[in-house]
2 protein chains.
Amino acid sequence: MSQEKSSVGRPKNEAASTALKEVALNLVMQKGYDAVSITEIVNGAGVSRQTLYNRWATKAELVLDAFFELANRRVEMPDLKSQTSRQTLLSDFLKQIFLHLEKDGDSLGSFVSAAQSDHDFREKFYTRFVAPRADIVRKLLKDAQSRGELAPDKNIELWTAFIHGAFWYRLINGQPIPQDLANEIAEEVFR
Amino acid sequence: MSQEKSSVGRPKNEAASTALKEVALNLVMQKGYDAVSITEIVNGAGVSRQTLYNRWATKAELVLDAFFELANRRVEMPDLKSQTSRQTLLSDFLKQIFLHLEKDGDSLGSFVSAAQSDHDFREKFYTRFVAPRADIVRKLLKDAQSRGELAPDKNIELWTAFIHGAFWYRLINGQPIPQDLANEIAEEVFR
DNA sequence: GGCATTTATAGACTGCCGTATGATAATTCA
DNA sequence: TGAATTATCATACGGCAGTCTATAAATGCC
C-alpha cells in the first residue's frame, strides 16, 4: 500500500478501510471469492464505490490485504537452534503449511488465478506469501547442509523449487494435499 | 466436447465452430487472453452470441479447444527403445516442454487462472494437458528404474510431482524457465 | 478567514457477461 | 406433406466492473 501519508488535505478514513477489509474477508470466506461482487462489498461496508478504488486497484488486492491482516496466516519459522533433526523440522514445517492450504485452498486458488492475469498482483502475492515460505525452506536446507545432515553438493535452489512445486502443483490441479506428503517429501530430501 | 450427435433436428453448423475457434485463438495470441471479449469473438466470427454458448460454456473452454486443435502443441514421447541414457531422454523431453511454455506462457497462465475458479475446466485442462505430460515422465522414470539407471526405491510418484512442480511453480510465479533447468533437474533425478 | 489540497459521496455512463425470448431455418420421422 | 426437433439469429434484459463528474467535507498553510 505504501501510504506516503500526505500531511495536507482531508485525511483518509481508516475506519472505511477496516470496514471494507472486514466485509470483504467475511463475504469471501462465507460465499467464495467469485461469488462476491465489489458492489456487494462497498454496500456492505456502507462506503462509496470510489472509496474502495481509492485504496485498492482490484478485488484481489483488497482480499489479499484482508487475508493477511485479519486472518492469522503467519507461518512459524522452525527453530534452527533446536537439536531436532532437520528432516523432522522440515516435515513439521510442511505439515503446518499443508494445514493452511487445506483451510484456505479456495482463497489461495483465487489469488493464483488473479496473479496470472495481473502481474502487479502476482508480484505482491509472491512477495507476501510465496517467497517467505520458500526462504524458510532454503534456510533450513542450508542449515542442514552446514550440520552435515544434507549432502554438501545438493542444489539448494532446485530443491527449494522441488519442495514447493510438489504441493503447488497439487494445489493448482485441485488434488488433495495429505499430511503424509510432508513426510514423504522430507524423507526424499534427506535420503 | 462429447457431441452425442442427435440425428434429428437442424444440424450444427461446423463452419461456425471452426470460425469461432480460429478467431478466438488469433485474438488471444495477438492481444492476450484477458483483452479479448466474448462479444468480440462472436462478432469476429460473424456468428450469433447464442451459437457460441451452444458449444462452449466459457471463453476458457473455447480457447482451450482452439489451442489444442489449431496450435500444434503435442508433446513427443521420448523413444524408450533407444539406448540413449534416460537422463538425457528426460532432459530433452523437459527442454521440449520448456520451449512450449516459453511460447505459450501467457495462454497457459490464463488456463491456470480459469482452472482455479472453474473446477470443470480444471479437470479438462488437467486431463488434456497436465496429465499426459506427467504420464510420460512417470513412464520414463519407471523405465529407468527397470534398466537400473535409477535407484529401485525411488518414490516415482513423488518425483513426478517434483519434476512438474518445479517448472509449474516457476510458471505461476512468473519466473523464467531457462532451458538449463532441464539439465539441472535431470541431473538431480539421476544423481 | 481564505485557499489549496485531498478525500468522500452519489450518481451516471459505457461495455461486457450470461441468460432469455421470439422468430425463423434446417433437418428427421411418421 | 406435416409434425417434431434442434440450431441460428437478432434483440433485450439485469447485474456487475471500472471510470468519470459534480459536489461536499476535512485538513494544513498563509
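Proteins come first, then strands; the chains are lettered A, B, ... in the order of their sequence lines, and each starts at number 1.
Looking only at atom types and distance, the side chain of A:Tyr126 has a donor-acceptor partner in the side chain of B:Gln175 under 3.5 Å away.
One interatomic measurement links the two molecules: CG of B:Asn13 to P of D:dT8, which rounds to 6 Å at whole-angstrom precision. The CG-P distance, from B:Asp34 to D:dA17, rounds to 15 Å in whole Å. Between the C1' atom of D:dG15 and the CD atom of A:Glu40 lies a distance of 12 Å, rounded to the nearest Å. With rounding to whole Å, B:Leu52 atom CG is found 14 Å from D:dC9 atom C1'. Rounded to whole Å, the distance from CD on A:Glu14 to P on D:dA26 is 17 Å. When rounded to the nearest whole Å, the span between CG of B:Asn43 and P of D:dA10 equals 10 Å.
Partners of A:Lys95 according to the side chain to side chain donor-acceptor pair (under 3.5 Å) rule, which considers only residues two or more places apart in sequence or in another chain, are A:Asn183.
In this model, the phosphate group of C:dT9 is approached by a side-chain N or O of A:Thr51 to a distance below 4.0 Å at OP1 or OP2. Distances shown here put every side-chain N or O of A:Arg55 at or beyond 4.0 Å from the OP1 or OP2 atom of C:dT6. Side-chain nitrogen and oxygen atoms of B:Thr39 include at least one within less than 4.0 Å of the OP1 or OP2 phosphate oxygen of C:dC17.
Here B:Arg138 pairs with B:Glu157 in a salt bridge; the nearest charged N to carboxylate O distance falls below 4.0 Å. Classification of B:Lys31 and B:Glu40 as a salt-bridged pair holds, one side-chain N sitting under 4.0 Å from a carboxylate O. Salt-bridge formation is detected for the pair A:Arg191/B:Asp153: a Lys NZ or Arg NE/NH1/NH2 atom is positioned less than 4.0 Å from an Asp or Glu carboxylate oxygen.
Residues B:Trp159 and A:Glu188 come closest through the heavy atom pair NE1-OE2, 2.7 Å.
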Side chain to side chain donor-acceptor pair (under 3.5 Å) for B:Tyr33 and A:Gln116? Distances and angles first, verdict last. CA-CA 11 Å; B:Tyr33 182 85; A:Gln116 302 315 306; over 6 Å; no

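If B:Ser37 and A:Ala16 are placed on DNA chain C by their nearest nucleotide, the residue sitting closer to the 5' end is A:Ala16.
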Its contact letters, B for base, S for sugar-phosphate only and - for none at protein heavy atoms under 4.0 Å, make nucleotides 18-30 of chain C read BB-----BBBSS-

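Nucleic acid contact for A:Asn54: sugar-phosphate only, since backbone atoms but no base atoms lie under 4.0 Å from a heavy atom of the residue.
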